[in-house]
Amino acid sequence: MKTIITIMVTASMMLVSCGDNAPVKENGQLSVSGIHLINQYGDTVMLHGVSYGWHNWWPRFYNEGTVTELTEDWGINVIRAAMGVEPDDGYLKSPEWSREKVETIVDAAIKNDIYVIIDWHAHGIHTEEAAEFFSEIARKYGAYPHVIYEIFNEPVRDSWDTIKQYSIEVIRAIREHDPDNIILVGSPYWDQDLHIVADDPIEGFDNLMYALHFYAATHGESLRDRGDYAMSKGIPLFISESAGMEASGDGPIDYEAWSRWINWMKEHKISWVTWSISDKDETCSMLKESAGSEGGWTKEDLKESGIKTRELMREMGDKE
Ligand code: MG
């Protein structure tokens, strides 16, 4: 009888782990080994998910309802809170409100058992403010395996030397409170100059990965070549923002070019995030204005990029 009960309990536990989307329960604390993101058992993990648009322009989607919808219906295992820094209503001018928006998403991600990227969505350097923000965030959330820090969305004009110095200061601020969670470092020129990073990486810290961003109708083979070069030099990559249209976020989706990127990411087990959960009149915004602020979306609420991204995410999350 005891054996039968044991078998039944084991079988029901297996059902839970196979049937539910519970990525953090399954993978636990992430770390970096060589160029790979690995889980608590040392197996390589490939995260897939979506990014919110800038919180200052699309705060209406920054709530628990959308996190639950994206987890349960789209099958994502990571979500990115893009905290705008420089614009009006961004972190520099409205720090408390901004942090509250981001923390709403972090708390909802923890509740939904998915990973969450806290993205300092800036294009310029604000060392003191970033170090203070991430220090407070790491103190509050550093013990949660769910959290990933992205310390500089897309540097534009700053040299790698400058970005590197900035990154080291922010990494130190995080590591005072959180010794282990993954930190994503921004690469020069909109996260594209990976070849420069590869020749002079940051030394002395564990669990760092470098961001590569692509927009498939603009960026192709030559950017993947840079990624290949970086990986050949032992640089771990994380695609924290990407999509199928032009770099402007607009214009037609190039499905062929996009699928070449997806095949490359799958081949190298590179985690990827697609841009963005917002409702602007542009190709990359995945939602229409009709989309409810707290989820409950039908196909009619999704734009072309939303329909395709949902399909890709469900496929990656084995929901098809
Ligand atoms: Mg930690």
Side-chain angles (χ1 to χ4, degrees), residues 30 32 34-37 46-47 49 51 54 78 80-86 117-127 130-131 134 148-175 181-216 218-243 246-249 261 264-265 268-276 284:
L30 302 174
V32 174
I35 59 167
H36 292 117
L37 183 63
M46 184 181 171
L47 300 181
S51 177
W54 302 67
V78 65
R80 180 180 188 238
M83 189 183 72
V85 174
E86 288 129 347
I117 299 170
I118 300 170
D119 163 34
W120 181 260
H121 208 74
H123 289 302
I125 286 186
H126 312 277
T127 310
F134 280 108
I148 296 171
Y149 311 96
E150 182 169 8
I151 59 176
F152 195 166
N153 163 47
E154 285 178 347
V156 179
R157 291 184 195 86
D158 293 297
S159 69
W160 173 235
D161 276 351
T162 309
I163 298 162
K164 193 177 174 186
Q165 280 317 306
Y166 160 87
S167 300
I168 289 168
E169 287 203 40
V170 179
I171 293 164
R172 278 198 189 119
I174 292 171
R175 287 293 181 247
N181 284 30
I182 303 292
I183 300 176
L184 308 181
V185 175
S187 309
Y189 197 67
W190 311 87
D191 291 334
Q192 292 172 45
D193 285 353
L194 275 303
H195 55 301
I196 297 174
V197 170
D199 290 336
D200 181 26
I202 295 169
E203 309 277 359
F205 300 96
D206 292 328
N207 299 333
L208 304 185
M209 302 186 89
Y210 294 85
L212 186 157
H213 289 181
F214 74 80
Y215 284 81
T218 303
H219 311 117
E221 196 74 49
S222 60
L223 185 52
R224 283 193 294 278
D225 287 346
R226 287 181 180 180
D228 286 330
Y229 174 72
M231 287 188 284
S232 78
K233 304 272 280 187
I235 300 295
L237 303 180
F238 195 113
I239 297 186
S240 52
E241 198 184 296
S242 63
E246 293 165 8
S248 62
W261 272 106
W264 183 78
M265 295 186 290
H268 299 289
K269 293 205 161 52
I270 300 172
S271 296
W272 60 299
V273 170
T274 299
W275 178 265
S276 72
C284 68

Chemist: Are the side chain of Y166 and the backbone N or O of I151 linked by a donor-acceptor pair below 3.5 Å?
Modeler: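 It does hold such a pair.
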Chemist: Is the shortest heavy-atom distance from the side chain of I202 to the side chain of I168 under 4.5 Å?
Modeler: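 I202 vs I168: side chains touch.
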Chemist: Taking all heavy atoms of W275 and all of A82, pick out the closest pair and write down the distance.
Modeler: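 Shortest heavy-atom contact: CZ3-CB, 4.0 Å.
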Chemist: For E246, is there any backbone N or O sitting under 3.5 Å from a side-chain donor or acceptor partner on T218?
Modeler: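 A pair under 3.5 Å: no.
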Chemist: Would you say the side-chain atoms of S242 and H213 include a donor-acceptor pair closer than 3.5 Å?
Modeler: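 Short answer, no.
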Chemist: Does the side chain of E150 pick up a donor-acceptor pair with the side chain of S240 at under 3.5 Å?
Modeler: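 Present: a donor and an acceptor within the cut-off.
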Chemist: Considering only residues two or more places apart or on different chains, which pairs with a residue in residues 187-205 satisfy salt bridge (Lys or Arg N to Asp or Glu O under 4.0 Å)?
Modeler: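 Residue pairs passing salt bridge (Lys or Arg N to Asp or Glu O under 4.0 Å), neighbours aside: K164-D200, D193-R226, D199-K233.
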Chemist: Do L47 and V273 have side-chain heavy atoms sitting under 4.5 Å apart?
Modeler: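 SC-SC contact between L47 and V273 ruled out.
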Chemist: Determine whether the aromatic ring centres of residues W120 and F152 are separated by less than 6.0 angstrom.
Modeler: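 Between F152 and W120, the centre distance exceeds or equals 6.0 Å.
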Chemist: What distance separates S159 OG from I196 CD1, expressed to the nearest 0.5 Å?
Modeler: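 Between atom OG of S159 and atom CD1 of I196 there are 9.0 Å.
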Chemist: Do you know which two heavy atoms are closest between L212 and G227, and how far apart they sit?
Modeler: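 Reported closest heavy-atom pair: CD1-CA, 4.2 Å.
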Chemist: On a heavy-atom basis, which atom in L37 and which in S271 lie closest, and how many Å separate them?
Modeler: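 Of all heavy-atom pairs spanning L37 and S271, the closest is CD2-OG, 3.6 Å.
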Chemist: Would a 4.5 Å heavy-atom cut-off, applied to side chains only, mark N153 and E241 as touching?
Modeler: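 A side-chain contact under 4.5 Å exists here.
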Chemist: Nearest 0.5 Å please: distance from the CG atom of L194 over to the CG atom of D228.
Modeler: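 Output value for this atom pair is 10.5 Å.
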Chemist: Which atom pair, heavy atoms only, marks the closest approach of V197 to I235?
Modeler: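 So the two residues come closest at O-CD1, 4.4 Å.
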Chemist: Assess, by modelled atom type and distance only, whether the side chains of E154 and Y189 contain a donor and an acceptor separated by less than 3.5 Å.
Modeler: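 There is no such pair (donor and acceptor under 3.5 Å, judged by atom type) between the side chains of E154 and Y189.
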Chemist: What residues, two or more places apart in sequence or in another chain, satisfy salt bridge (Lys or Arg N to Asp or Glu O under 4.0 Å) together with D158?
Modeler: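 Salt bridge (Lys or Arg N to Asp or Glu O under 4.0 Å) list for D158, sorted by chain: empty.
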Chemist: Working to the nearest 0.5 angstrom, can you tell me the gap between I239 CD1 and L184 CG?
Modeler: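 Between atom CD1 of I239 and atom CG of L184 there are 11.5 Å.
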Chemist: Output the distance between atom CH2 (W261) and atom CZ (F214), rounded to the nearest 0.5 Å.
Modeler: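 Separation between the atoms: 6.0 Å.
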Chemist: At what distance, to the nearest 0.5 angstrom, does OG of S248 lie from OH of Y215?
Modeler: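 Between atom OG of S248 and atom OH of Y215 there are 9.5 Å.
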Chemist: Considering only NZ, NE, NH1 and NH2 on the basic side and carboxylate oxygens on the acidic side, decide whether E169 and R172 come within less than 4.0 Å.
Modeler: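 Looking at E169 and R172, the cut-off is not met.
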Chemist: What's the shortest heavy-atom distance between A198 and P201, and which atoms?
Modeler: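 Heavy atoms of A198 and P201 come nearest at O-CD, 3.7 Å.
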Chemist: Considering non-hydrogen atoms only, spot the tightest contact between V32 and N207 and give its length.
Modeler: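 Reported closest heavy-atom pair: N-OD1, 2.9 Å.
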Chemist: Between V185 and M209, is any pair of side-chain heavy atoms under 4.5 Å apart?
Modeler: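 Sidechains of M209 and V185: no contact.
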Chemist: At what distance, to the nearest 0.5 angstrom, does CZ of F205 lie from OG of S167?
Modeler: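 Output value for this atom pair is 10.0 Å.
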Chemist: R175 and N181: side-chain donor and acceptor closer than 3.5 Å?
Modeler: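 On atom types as modelled, these side chains do not qualify, holding no pair under 3.5 Å.
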Chemist: Tell me, do R80 and I118 make a side-chain contact under 4.5 Å, heavy atoms counted?
Modeler: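 The answer is no; the side chains never approach within 4.5 Å.
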Chemist: What about the rings of Y210 and F238, do their centers lie closer together than 6.0 Å?
Modeler: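 Not close enough - the centres of the two rings lie 6.0 Å or further apart.
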Chemist: Please lay out, stage by stage, how V156 and W190 fare under the test side-chain contact (heavy atoms from CB on, under 4.5 Å).
Modeler: CA-CA 5 Å; V156 179; W190 311 87; 3.7 Å; yes
Chemist: Quick check on side chain to side chain donor-acceptor pair (under 3.5 Å): which of H126, H121, H123 does E86 satisfy it with?
Modeler: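 The single option meeting the side chain to side chain donor-acceptor pair (under 3.5 Å) with E86 is H126.
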